Amino acid sequence: MSSREVTEEAPRRMTRAERQAETRARVLDAATKVFAEKGFHGATVEEITERAGFSRGAFYSNFSDKDDLFLALIDARLAEDIARIGSVLGGAGGPDDLLPKLREQAAYRQRDIGWSMVEAEFWLYAMRRPDVRPRLAERQRTERDAYALAIQAQFDAVGLDPPAPVDLLALIVQVADHGILREQQLDPEHLAKGTFFDALDLLFRAAVALAGASGRS
């Protein structure tokens, strides 16, 4: 067969669903950058779509408004975090093995300060918007649920019952996670990158001691 008879296979055309998924991903990527640069209130739909290379129509075919877009960003980051921690949990044999593996995530936890600032801005915005607040609260519950599963798994590994409702323990860890990260970004010279994991280690050891004491009594 001569080379003239050989034809290259035509590239496969994307389906409508694939095109829409690609558009959504590009808008989310652009929004991450614009929100970090301008803040939630300062960012506009026009600027986000222009950065992504699309029209307003492409935006509104994927998101109902700027609130919907920001919540989608939270969903994406939350899913990534849960998957990452789930992978660590799956590879750990127990608490003594887990904490060193979690410490390896210290660099990853140092999220861009621009995103942390816009998260705080959106939290204040949601607190003033009764229509938005429940939607953000739902995401926070999803995160707490993931913490609760991880905490219960660690107590199961040491053969003890948690000394308090696991949902309460999850809330304590969640608040420590968010709060310590912000304090680190505010005062990085005085708070080491591993501070959250130091606190987590202390909290778990204290909880195990309480659980053991309760079991003996």
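Side chains are part of it too, since the values below use all heavy atoms of this structure and drop only hydrogens, waters and symmetry mates. The structure presented is a predicted model; accordingly, all values stated were derived computationally and were not measured.
Glu121 places a side-chain N or O within donor-acceptor distance of the main-chain N or O of His41, the cut-off being under 3.5 Å. A distance-only check finds a donor-acceptor pair linking the side chain of Thr23 to the backbone of Arg19 [under 3.5 Å]. Side chain of Gln174 to backbone of Gln140: a donor-acceptor contact under 3.5 angstrom is found. Glu18 places a side-chain N or O within donor-acceptor distance of the main-chain N or O of Thr15, the cut-off being under 3.5 Å. Checking side-chain atoms of Lys33 against main-chain N and O of Arg51 turns up no donor-acceptor pair under 3.5 Å. Although no hydrogens or angles enter the test, the distance criterion places a donor-acceptor pair under 3.5 Å between the side chain of Gln184 and the main chain of Lys193. Formation of a donor-acceptor pair under 3.5 Å by the Asp201 side chain with backbone atoms of Phe197 is not found in this model. For the pair Arg135 (side chain) and Asp131 (backbone), a donor-acceptor distance under 3.5 Å is absent.
Both Val132 and Phe63 sit in one connected hydrophobic cluster of ILVMFWY residues. Membership requires side-chain heavy atoms under 4.5 Å apart, directly or through other members. Both Met127 and Leu136 belong to a single network of hydrophobic side chains, linked directly or stepwise wherever heavy atoms of I, L, V, M, F, W or Y lie under 4.5 Å apart. Leu149 and Phe204 fall into different hydrophobic clusters, where Ile, Leu, Val, Met, Phe, Trp and Tyr are joined by side-chain heavy atoms under 4.5 Å apart, directly or via other members. Under the 4.5 Å side-chain heavy-atom criterion for Ile, Leu, Val, Met, Phe, Trp and Tyr, Phe70 and Val45 are members of the same hydrophobic cluster. Clustering ILVMFWY residues whenever any of their side-chain heavy atoms sit less than 4.5 angstrom apart, transitively, puts Phe196 in a cluster other than the one holding Leu191.
The shortest side-chain heavy-atom distance between Leu169 and Tyr147 does not fall under the 4.5 Å cut-off. Side-chain contact between Val173 and Arg144 is absent, with no heavy-atom pair separated by less than 4.5 Å.
Side chains of Asp65 and Tyr60: a donor-acceptor N/O pair is absent below 3.5 angstrom, by distance only.
Applying the 6.0 Å contact sphere to CG of Asp161 captures no more than 12 heavy atoms from other residues, nucleotides or ligands. Other residues, nucleotides and ligands contribute at most 12 non-hydrogen atoms within 6.0 Å of the NZ atom of Lys38.
Considering all non-hydrogen atoms of both residues, Asn62 and Arg24 come closest at O-NH1, 3.2 Å. Heavy atoms only, all atoms of each residue included: Ala207 and Pro163 are closest at O-CG, 3.4 Å. Closest heavy-atom contact between Ile48 and Val27: CG2-O, 3.9 Å. Pairing each heavy atom of Val118 with each of Gly39, the nearest pair is CG2-C, 3.7 Å. When all heavy atoms of Thr49 and Ser55 are compared, the closest pair comes out as CG2-O, 3.7 Å. Closest of all the heavy-atom pairs between Ala148 and Ala170 is N-CB, 3.7 Å.
Within the model, atoms CG of Asp156 and CD1 of Ile151 stand 12.0 Å from one another, a figure rounded to the nearest 0.5 Å. Interatomic distance, Leu78 CG to Leu71 CG, rounded to the nearest 0.5 Å: 11.5 Å. For the atom pair Phe122 CZ and Leu124 CG, the distance stands at 11.0 Å (nearest 0.5 Å). Rounded to the nearest 0.5 angstrom, Arg77 CZ and Trp115 CH2 are separated by 5.0 Å. Leu73 CG to Asp29 CG: the interatomic distance, rounded to the nearest 0.5 Å, is 9.5 Å. Expressed to the nearest 0.5 Å, how far CD1 of Ile172 lies from CG of Asp177 amounts to 13.5 Å.
A cation-pi arrangement is absent between Arg133 and Trp123, since the terminal nitrogen or guanidinium carbon is not both under 6.0 Å from the aromatic centre and inside a 45° cone about the axis.
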Could you go through Arg139 and Glu143, starting from their C-alpha distance and side-chain angles, then the distance that decides it, and tell me whether this counts as salt bridge (Lys or Arg N to Asp or Glu O under 4.0 Å)?
CA-CA 6 Å; Arg139 272 79 181 172; Glu143 184 179 58; over 6 Å; no
Under the salt bridge (Lys or Arg N to Asp or Glu O under 4.0 Å) criterion, do Asp145 and Arg141 qualify, and how do the steps go?
CA-CA 6 Å; Asp145 288 345; Arg141 287 195 300 272; over 6 Å; no
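With sequence neighbours left out, the side-chain contact (heavy atoms from CB on, under 4.5 Å) criterion links Glu46 to Thr44, Arg56.
Checked for salt-bridge contact, Glu22 and Arg26 miss the test: no charged N lies under 4.0 Å from a carboxylate O.
Taking the six-membered ring for Trp and thresholds of 30 and 60 degrees, Phe35 and Phe40 have nearly parallel ring planes, at less than 30 degrees apart.
Taking the six-membered ring wherever Trp is involved, the centroid distance between the rings of Phe54 and Phe59 does not fall below 6.0 Å.
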